[in-house]
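Okay, structure first, notes after.
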Number of protein chains: 2
Amino acid sequence: MSTIADALGVSTATVSLALRDSPLVADETRERIKDHARQIGYIYNRRAASLRTRRSGILGVVVHDIMNPFYAEILRSIEAELDRSRQTFILSNHYDQLDKQRTFIDTLLQLGADGVIMSPAIGTPREDIETAENNGLPAVLIARTVKGAGVPVFRGDDAYGIGLATNHLISLGHRRIIMIGGTDQTSTGRHRYRGYVAAMERAGLRVDPSWRIPGPRTKQAGFEVAGQFLSHKDKPTAAVCWNDLIAIGLMNGIARAGLVPGVDISVTGYDDLEEASIATPALTTVWNGQREVGRRAARVLLDRLSGIEVEPTQELIKPELHVRQSTTQPVERD
Amino acid sequence: MSTIADALGVSTATVSLALRDSPLVADETRERIKDHARQIGYIYNRRAASLRTRRSGILGVVVHDIMNPFYAEILRSIEAELDRSRQTFILSNHYDQLDKQRTFIDTLLQLGADGVIMSPAIGTPREDIETAENNGLPAVLIARTVKGAGVPVFRGDDAYGIGLATNHLISLGHRRIIMIGGTDQTSTGRHRYRGYVAAMERAGLRVDPSWRIPGPRTKQAGFEVAGQFLSHKDKPTAAVCWNDLIAIGLMNGIARAGLVPGVDISVTGYDDLEEASIATPALTTVWNGQREVGRRAARVLLDRLSGIEVEPTQELIKPELHVRQSTTQPVERD
DNA sequence: CGGTTGTATTAAACCGTTTAAATCGGGTTA
DNA sequence: TAACCCGATTTAAACGGTTTAATACAACCG
């Protein structure tokens with residue numbers, strides 16, 4: 001800026017004001033300055049500016065794993081929403097490791113980030129969120145919640161959603177339905193399992209504890225669990241899967257074992273990823289409102305930044321059942 | 001820092017030196033300062049520091065699309081490599097839009113990023129890379145190259161790799177092999193097509209121009225192109241796909257049409273994503289060295305930052321063929 | 001005891017921007 | 001004619017660190 005100022009015989013203050021279209025500077029001066037800036041390829045130094053303004057234009061986003069299409073879809077919608085603002089965002093995976101998450105938050109604080117959207121790692125204590133907030137880093141949670149953290153949360157209504165899938169299988173005539181994947185260590189996990197049990201019990205079906213096969217939420221895991229599922233002593237006719245990845249992996253595993261998914265075994269997914277509709281057979285699944293979650297989380301964070309007071313409420317997005325070919329009436333096998 | 005300095009009756013210079021473990025300050029003083037800093041929850045202000053040091057600790061990474069597992073795997077290895085350095089990285093998709101890519105580079109310049117790893121968008125002119133370099137933003141290219149840009153490039157040997165897949169099909173007895181997906185607008189695209197044609201011609205097989213169905217590189221696209229493929233006038237018995245996503249989509253499409261992929265039609269992929277081995281049938285594909293590409297690009301960029309002179313050479317990583325169940329001897333159909 | 005050496009600390013400049021307050025010259029008004 | 005106002009611009013002080021030359025002081029030496 002001082003180069004420009006010197007070249008044009010004005011002060012840096014004028015340059016600063018001119019470049020930001022302040023009405024304080026005369027039109028003619030502004031044009032001269034802007035022209036010259038363009039000509040010499042001036043590059044605005046954001047960190048110098050942010051030192052003064054206390055705004056860095058950086059937002060952080062932490063999720064479990066970007067490679068997981070569920071989060072990827074959320075990220076897409078966050079990206080789309082932020083595109084229209086002047087914010088840059090920094091991404092990180094925490095892989096459910098608390099220390100990774102803490103390191104990242106610390107980095108954000110050091111960079112003077114303006115806010116953070118996070119899907120908290122398993123076991124995140126309320127204090128971690130408070131640390132961020134107290135140091136001027138407003139947070140918004142997605143997908144998972146942290147008890148007692150006074151910040152907005154956006155997530156799907158998991159208990160209700162898994163209920164939709166379970167009810168659908170029951171209404172097709174299935175009785176021995178096993179739930180696959182997930183863990184009790186996340187709020188999401190507890191909600192989904194509870195929703196499944198509740199739906200079964202509403203239909204008068206007893207749920208055996210062995211009717212749950214917990215595990216990682218990957219395609220690979222679903223694939224590998226197929227054997228265990230098929231050889232289960234109760235001969236289940238259907239699987240309610242934690243998510244689409246597991247469901248697709250499971251269907252692949254079932255096919256590999258010589259059975260036909262969607263005929264011999266019914267399978268439901270969760271999330272309704274793009275993939276679900278092109279899987280073979282096309283997967284019956286629950287749309288979880290990823291787009292909506294990302295969009296609204298971003299929106300609310302931007303609101304918080306612009307000073308709008310936001311209630312720290314939990315917003316539950318209502319899932320919808322999308323029926324496709326992976327669920328049919330049960331057939332007896334053995 | 002001045003808070004700490006005042007509280008302890010020393011100068012900010014001493015605090016600065018102590019916190020960075022300078023040998024200039026006495027051990028006892030250092031400890032007092034560090035303890036106090038920890039106690040009051042001091043947060044290092046990176047932007048203030050970078051103003052003086054001209055190092056921001058930020059690296060940029062731009063690829064076509066993070067959601068594409070091929071890039072996701074590269075990102076993973078970049079992340080792993082960078083984890084050990086003190087650099088944070090910022091990610092962006094360009095979706096092959098030049099203006100998006102330019103905006104991002106501009107953002108990096110404004111943030112004073114220390115370097116950028118990029119898989120350049122289609123049509124990226126040499127000048128764009130030079131702009132970055134001239135403004136102190138060293139670049140390293142991955143997956144694709146830009147003619148005349150004097151920077152290091154890491155990519156797989158596409159012509160050789162696709163040749164492996166093509167030769168494999170030919171040796172199984174296939175003669176009418178169609179290439180699916182990709183575009184001539186990227187260097188990768190040209191190399192792969194050339195490799196396919198070369199392999200065919202080496203085997204004395206004429207390639208008809210209609211034996212190429214270009215298109216997007218997504219599962220969806222592969223799925224949708226199945227009809228066109230199956231009804232091709234030359235009754236192809238095998239498909240060499242641009243990548244695993246297309247191959248898997250195509251196999252799903254073939255299955256949907258009532259044929260059995262891996263029996264009626266042989267299919268090869270490219271990239272060897274995790275998914276390839278659990279697809280049904282398991283996909284024969286070409287491992288493209290994603291891990292290696294990411295790791296080495298990150299390594300070289302870090303080298304450049306620490307002042308080590310790096311030759312701007314193209315490094316070709318040798319792909320390997322992984323044979324699985326999606327390729328078998330041809331069967332005649334009609 | 002003056003001079004040298006070495007260690008610990010500090011003052012001050014600097015990085016590039018923003019902004020509140022001050023300045024300046026010219027026009028208006030009482 | 002003095003007082004005041006106005007728009008355009010400048011001044012100077014932040015913002016929070018890093019860096020380097022300078023300083024203070026103690027110990028050692030001959």
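Chain naming here is simple, since letters A, B, ... match the order of the sequence lines and numbering starts at 1 in each.
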Report task. Test A/Arg144 against A/Asp96 for salt bridge (charged side-chain N to carboxylate O under 4.0 Å, His left out), laying out the working first. Result -> CA-CA 12 Å; A/Arg144 298 176 182 172; A/Asp96 274 329; 2.9 Å; yes

**Report entry** CE on B/Met1 to CD1 on B/Ile33, rounded to 0.5 Å
**Finding:** 9.5 Å

Query raised in the report: Once you round to the nearest 0.5 Å, how far does OG1 of B/Thr188 lie from CZ of B/Arg217?
Result: 8.5 Å

Requested in this report: Would you mind building the protein contact string for nucleotides 7-18 of chain D? One character per nucleotide, 5' to 3', B for base within reach (heavy atoms under 4.0 Å), S for sugar-phosphate only, - for untouched.
Outcome: -SBBB-BBBBBB

Query raised in the report: Roughly how bent is the helix from C/dC1-D/dG30 to C/dA30-D/dT1 end to end, in steps of 10 degrees, with each end axis from five pairs?
Result: 70°

Query - Segment of DNA chain C, first to last nucleotide, that comes within the 4.0 Å heavy-atom reach of chain B - result: C/dA8 to C/dG16

Report task. Could you tell me whether a side-chain N or O of A/Ser11 sits under 3.5 Å from a main-chain N or O of A/Thr14, the two making a donor and an acceptor? Result -> yes

Requested in this report: Indicate whether the side chain of B/Gln314 and that of B/Thr145 have a donor and an acceptor atom separated by less than 3.5 Å.
Outcome: yes

Query raised in the report: With sequence neighbours left out, what residues match B/Glu81 under salt bridge (Lys or Arg N to Asp or Glu O under 4.0 Å)?
Result: B/Arg84, B/Arg299

Report task. Apply salt bridge (Lys or Arg N to Asp or Glu O under 4.0 Å) to A/Asp35 and list each qualifying residue two or more places apart in sequence or on a separate chain. Result -> A/Arg38

Query raised in the report: Is the backbone of B/Glu127 close enough, under 3.5 Å, to the side chain of B/Thr131 for a donor and an acceptor to pair up by distance?
Result: yes

Requested in this report: Hey, could you give me each pair passing side-chain hydrogen bond (donor to acceptor under 3.5 Å, both in side chains) that has a residue in residues 106-121 of chain A? Not counting sequence neighbours.
Outcome: A/Ser56-A/Asp114, A/Tyr71-A/Ser119, A/Asp106-A/Gln110, A/Gln110-B/Arg46

Requested in this report: Walk me through it: do A/Arg295 and A/Glu79 pass the test salt bridge (charged side-chain N to carboxylate O under 4.0 Å, His left out)?
Outcome: CA-CA 9 Å; A/Arg295 211 176 54 74; A/Glu79 181 189 28; over 6 Å; no

